[in-house]
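Data block below; observations after.
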Amino acid sequence: MCFPRSTEDVAAAVRVAADHGVPFVARGSGTGLAGGATPLDDAVVVVTTQMNRVLEVDPVERVAWVEPGVLNLDLTRAVQHLGLHYAPDPSSQQACTIGGNVGTNAGGPHCLASGVTSAHVLAVDAVLADGEVARLGGTEPDVPGYDLRGCFVGSEGTMGIAARIAVRLLPDPPVVRTLLCDFGALDDAAATVSGIIAAGIVPAALEMMDAEITRAVEDFVGAGYPRDAAAVLLVEVDGLPDGVAAQVAAIDAVARAHGARSVRVAADEAERALLWKGRKSAFGAIARIAPDYYLHDAVVPRTKLVDVLRRVYEIAAEQRLTMMNVFHAGDGNLHPLIVFDAREPGIWSRVHDAGDEILRTCVAAGGVLSGEHGIGMEKRDAMPLIFTPDDLDLQARLRDAFDPQGLANPDKVLPRGSRCGEVRRVPEGTWV
Amino acid sequence: MSPGTVAPAVAEAVAALAATVATAATVVPVGSRTHWEVGGPAPAGTEVRAPSGVLEYDPAELTVTVAAGTTVGELDAVLGAAGQQCPLDPRDPAATVGGVLAAGLSGPRRLRYGPLRNRLLEVHLVLADGRTVKGGGRTVKNVSGYDVARLMVGSLGTLGVLVQVTLRCEPRPAASEWRRLDVPAAEVLRRAFRPAAVLTDPTGTTVLLEGFPEDVAAERTRLGPSTGAEAPAWPTGPHRGRISVRPALVDRVLADLAGLGIGALGEGGVGTVHVAAPSAAGLDAARTVAHAAGGWLLREAGPLDGFGTDLPNRALMARIKDALDPTGKCNPGRLPLAPVPVGGPA
């Protein structure tokens, strides 16, 4: 394990690994849930937490160059006096690093309107698998040739290590309003999500919490969430004052037309912060219910939300598991949360079976395997659910082009046997 | 249609295209030829055309799936009927969606709506060996596997033939107006919140305000009186290109170009400068201006060479090209993947 302090240190560590033919794994704070930063076998772990400087902020071009170990929330704190912020805000933003965000192409509630990490990363100084440093992308709008930056973001350390990152900063909106809509039925909440979008509004954030998690959060934080709601929606709109007022009125009307029991608009910044604290404390709140949880991450088409959620609850009942749902409803990004006590004999297999079934349900509804957590090890072997052998072969070739020796975080993202040639070398049936 | 395969409506056409690609020695994807001269020279070879048509569109999803040969104008009409848009905004709306993506031409509303690469969610392409593969996924959020879709944007047909794509769309703004201002672009960028475009030409600044009517009205007041409501014209001429520089350098580049008598339209806050010169020598001079500002110029029309510079990370790009197209049959020469000879391209 090594703790580099500079790009040169990262490059040196990778060169040593490459010279000895030893795999290497980049790791930030280790908050990832898919196991992308978990070393296998004898890999060299390159921990970026000592590289935590914001190197340069250009308030006119609204660009910051940062080291990979900068914490997500620290970046926004470093630029807030300039009226700027970094938009992607994973729930773990107090602990996760920008480098890790780049690796997993992380999301967060505020990615609905502004996009996930890839939309905010302009350039990466990457240490490639041979130890060479390459600038991928740039701070000019277009760079000649292939979008290597786009390829690298979300590659979970399998194409190299981000040693310096240029991110786009956004101006703080003049006005922000947050609404809490209280529903007596889950279907009404889901219909409201579609209704808001049909009204021509793409909110800055649009989050849903089901009955169980709403109660858990309220008991934990006391944010004023309705304890008897079947579901709540947390909706945020931002922009110029008059337009925001019009959107608040429109959302209020849509929610009430779909049966909302109440719509509460946070009166001030303190109330708004409290509402968000409730949402972002969801995973702390469940610790009061059971000691362990398994958080899933999958995306379905927005219009399939209700059907999929219904099936998710059925799966939980079939496996006799407690299931809660708190998720990014606006972009169809589900986060079913299985709450359990790992000491209970045999529970792990039920948790895993439920997880597999949830993934299959999402894929059958036209969804994908991950919205923001990544594939890592967790979902590596599920990749064939959405990709054909030819699709996976293409991705394997792409990975090999970046890392011909296969030393950058091997055995992550792609299942063994993804390369068509590789399949032919092993006996039939070995890998599928 | 089932995810992972092309739509039934185009399956036959895609299969025929794939068979052609598999046997051709050189494959040249063709759209509407509206932006034909973008990048390196077009090679001679077997021309292939992706099918066209809007294949799947549910406005509630804010995504649309089209065959890559669909024109931007046709797509815009379909989305517009549902009150939505996908702001690709090519110079000529007769361009095909696949062509715009392959050429990597972001439109002038990039300031507000982001670069073209952020629009593409899923791509189906025919590889050099005739296999049809998919990259990305159809949902608005997806980190399942490598971002093959983004890799295709700006790849100029050198990695395969785009046949079907899914794009992210959004509500069409209720209000939209151009305003001509006696204020420098930098000042407009400071004063306005999320303008759709802030364009500068030799005669002044034009801002495009879009959004809720209340917001557009408020911005109008903040920005001051307007002397015109027309969109600025794209620079015209037989020798055209687009410069990419850091956004802060747009004004400097515009001043240098004005000194050379070269028509230009700069995108404030973005860093793209559209140029048109009366001669190849003039466009080459514009390229020199771009290089001096640390940027580059992509040839869009005229006989000048495509890039005027070696590709950054060319060896890595060449490995990607080899990985997807080992025999180099897809649009050879459109991207300068071979080393540029000393003394410049032939």
Side-chain angles (χ1 to χ4, degrees), chain A residues 60-61 104-105 107 115-116 118-119 134-135 139-148 150-151 153-155 171 174 194 197-198 200 202 239-240 242-243 246 299-303 331-333 366-372 374-375 383 386-388 390-391 394-395 397-402 413, chain B residues 3-4 58-62 83 104 106 110 114-115 117-118 127 131 133-135 137-148 150-151 153-155 170-171 174 193 211-212 214-215 217-219 244-248 270-272 295-296 307 309 311-313 316-317 319-320 323-324 335:
Chain A
V60 175
E61 294 203 341
T104 57
N105 196 6
V116 293
S118 189
R135 174 155 301 181
T139 52
E140 66 269 44
D142 295 303
V143 173
Y146 303 134
D147 184 8
L148 302 177
C151 227
V153 177
S155 63
S194 303
I197 288 177
V202 178
L240 296 166
D242 293 342
V299 190
V300 297
R302 271 180 268 249
T303 48
D331 40 27
N333 190 182
V368 296
L369 301 176
S370 174
E372 54 190 16
I375 298 299
M383 288 281 276
I386 58 167
F387 291 115
T388 66
D390 283 341
D391 299 342
L394 165 65
Q395 295 191 39
R397 285 165 186 252
L398 189 53
R399 184 200 187 291
D400 292 349
F402 272 85
V413 185
Chain B
D58 179 350
E61 293 296 346
L62 293 177
S106 292
R110 176 175 182 160
R117 59 182 185 246
N118 292 356
L127 294 175
R131 286 182 296 163
V133 295
K134 177 192 77 169
R138 215 167 285 172
T139 55
V140 288
K141 208 170 174 188
N142 175 28
V143 295
S144 314
Y146 299 130
D147 202 337
V148 171
R150 271 195 173 81
L151 183 64
V153 178
S155 64
E170 60 202 85
F193 182 68
F212 296 95
E214 298 86 349
D215 289 345
E219 293 280 56
S244 252
V245 289
R246 283 178 41 207
V270 172
T272 302
W296 62 292
F307 293 84
T309 175
L311 296 179
N313 304 301
L316 175 53
M317 290 187 189
R319 287 204 299 274
I320 291 173
L324 272 65
L335 268 184

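Order of the sequence lines sets the chain letters (A, B, ...), proteins ahead of strands, with each chain counted from 1.
The structure places NZ of B:Lys141 at 10.0 Å from CG of A:Asn105, a figure rounded to the nearest 0.5 Å. For the atom pair OG (A:Ser118) and CZ (B:Arg150), the distance works out to 3.0 Å, reported to the nearest 0.5 Å. Once rounded to the nearest 0.5 Å, the distance linking CG of B:Leu62 with CG of A:Asp331 reads 10.5 Å. Summarising the geometry, atom CZ belonging to B:Arg246 is positioned 9.5 Å from atom CD belonging to A:Glu140; distances are rounded to the nearest 0.5 Å.
With a threshold of 4.5 angstrom between heavy atoms, A:Gln395 approaches chain B through its backbone and through its side chain. Contact annotation for A:Val60: neither backbone nor side-chain heavy atoms come within less than 4.5 Å of a heavy atom of chain B. Both the backbone and the side chain of A:Val368 come within contact range of chain B, each with at least one heavy atom under 4.5 Å from a heavy atom of that chain. For chain A, the nearby parts of B:Val270 are the backbone and the side chain; heavy atoms of each come within less than 4.5 Å. Looking at A:Ala119, both its backbone and its side chain come within 4.5 Å of chain B, counting heavy atoms on both sides. For A:Thr303, the parts sitting under 4.5 Å from any heavy atom of chain B are the backbone and the side chain alike. B:Pro115 does not touch chain A: none of its heavy atoms, backbone or side chain, sits under 4.5 Å away. Within the 4.5 angstrom heavy-atom criterion, only side-chain atoms of A:Asn333, from C-beta onward, approach chain B.
Ranked by heavy-atom pairs under 4.5 Å with chain A, the list B:Gly295, B:Pro312, B:Gly137, B:Ala218 is led by B:Pro312. Interface summary for chain B: among A:Gly107, A:Gly332, A:Ser155, the most heavy-atom pairs under 4.5 angstrom belong to A:Ser155. Counting heavy-atom pairs closer than 4.5 Å to chain B, the top-ranked of the candidates A:Arg399, A:Arg397, A:Met383 is A:Arg397. Among B:Gly154, B:Gly211, B:Gly145, the residue making the largest number of heavy-atom pairs under 4.5 Å with chain A is B:Gly145. Among A:Val143, A:Val413, A:Thr104, A:Val153, the residue making the largest number of heavy-atom pairs under 4.5 Å with chain B is A:Val143. Counting heavy-atom pairs under 4.5 Å between each of B:Glu61, B:Glu219, B:Glu170 and chain A puts B:Glu61 at the top. Annotation: maximal heavy-atom pairing with chain A below 4.5 Å, among B:Leu127, B:Thr139, B:Asp58, occurs at B:Thr139. Between chain B and the options A:Val202, A:Leu148, A:Val116, the largest number of non-hydrogen pairs under 4.5 Å is found for A:Leu148. When each of B:Asp215, B:Val153, B:Asn118, B:Thr272 is checked for heavy-atom pairs under 4.5 Å with chain A, B:Asp215 comes out on top.
Using a distance-only test at 3.5 Å, with no hydrogens or angles considered, no donor-acceptor pair links the side chain of B:Lys134 to the main chain of A:Asp390. Checking side-chain atoms of A:Glu372 against main-chain N and O of B:Val143 turns up no donor-acceptor pair under 3.5 Å.
Residue B:Leu311 comes nearest to A:Pro144 through the heavy atom pair CD2-CB, 3.6 Å, listed as atom of the first residue, atom of the second, then distance. When all heavy atoms of B:Asn313 and A:Arg135 are compared, the pair lying nearest together is ND2-O, 2.9 Å. Heavy atoms only, all atoms of each residue included: B:Ala323 and A:Ala401 are closest at CB-CB, 4.4 Å. Counting all heavy atoms, side chain and backbone alike, A:Gly145 lies closest to B:Phe307 at N-CE2, 4.4 Å.
The side-chain heavy atoms of B:Trp296 and A:Asp142, taken from C-beta on, include a pair separated by under 4.5 Å. Two residues are said to be in side-chain contact when any heavy atoms from C-beta on lie closer than 4.5 Å; B:Leu316 and A:Tyr146 fail this criterion. With a 4.5 Å cut-off on side-chain heavy atoms, A:Cys151 and B:Tyr146 do not count as touching. Counting only heavy atoms from C-beta outward, the side chains of A:Val299 and B:Asn142 never approach each other to under 4.5 Å.
A salt bridge does not link A:Asp391 to B:Arg131: none of the charged side-chain nitrogens sits closer than 4.0 Å to a carboxylate oxygen.
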task = I would like to know whether B:Ser144 and A:Ile375 meet side chain to side chain contact (heavy atoms under 4.5 Å, CB included); could you show each step before the answer?
result = CA-CA 6 Å; B:Ser144 314; A:Ile375 298 299; 4.0 Å; yes

inquiry  = Run B:Ile320 and A:Phe402 through side chain to side chain contact (heavy atoms under 4.5 Å, CB included) and show every step you take.
reply    = CA-CA 8 Å; B:Ile320 291 173; A:Phe402 272 85; 3.9 Å; yes

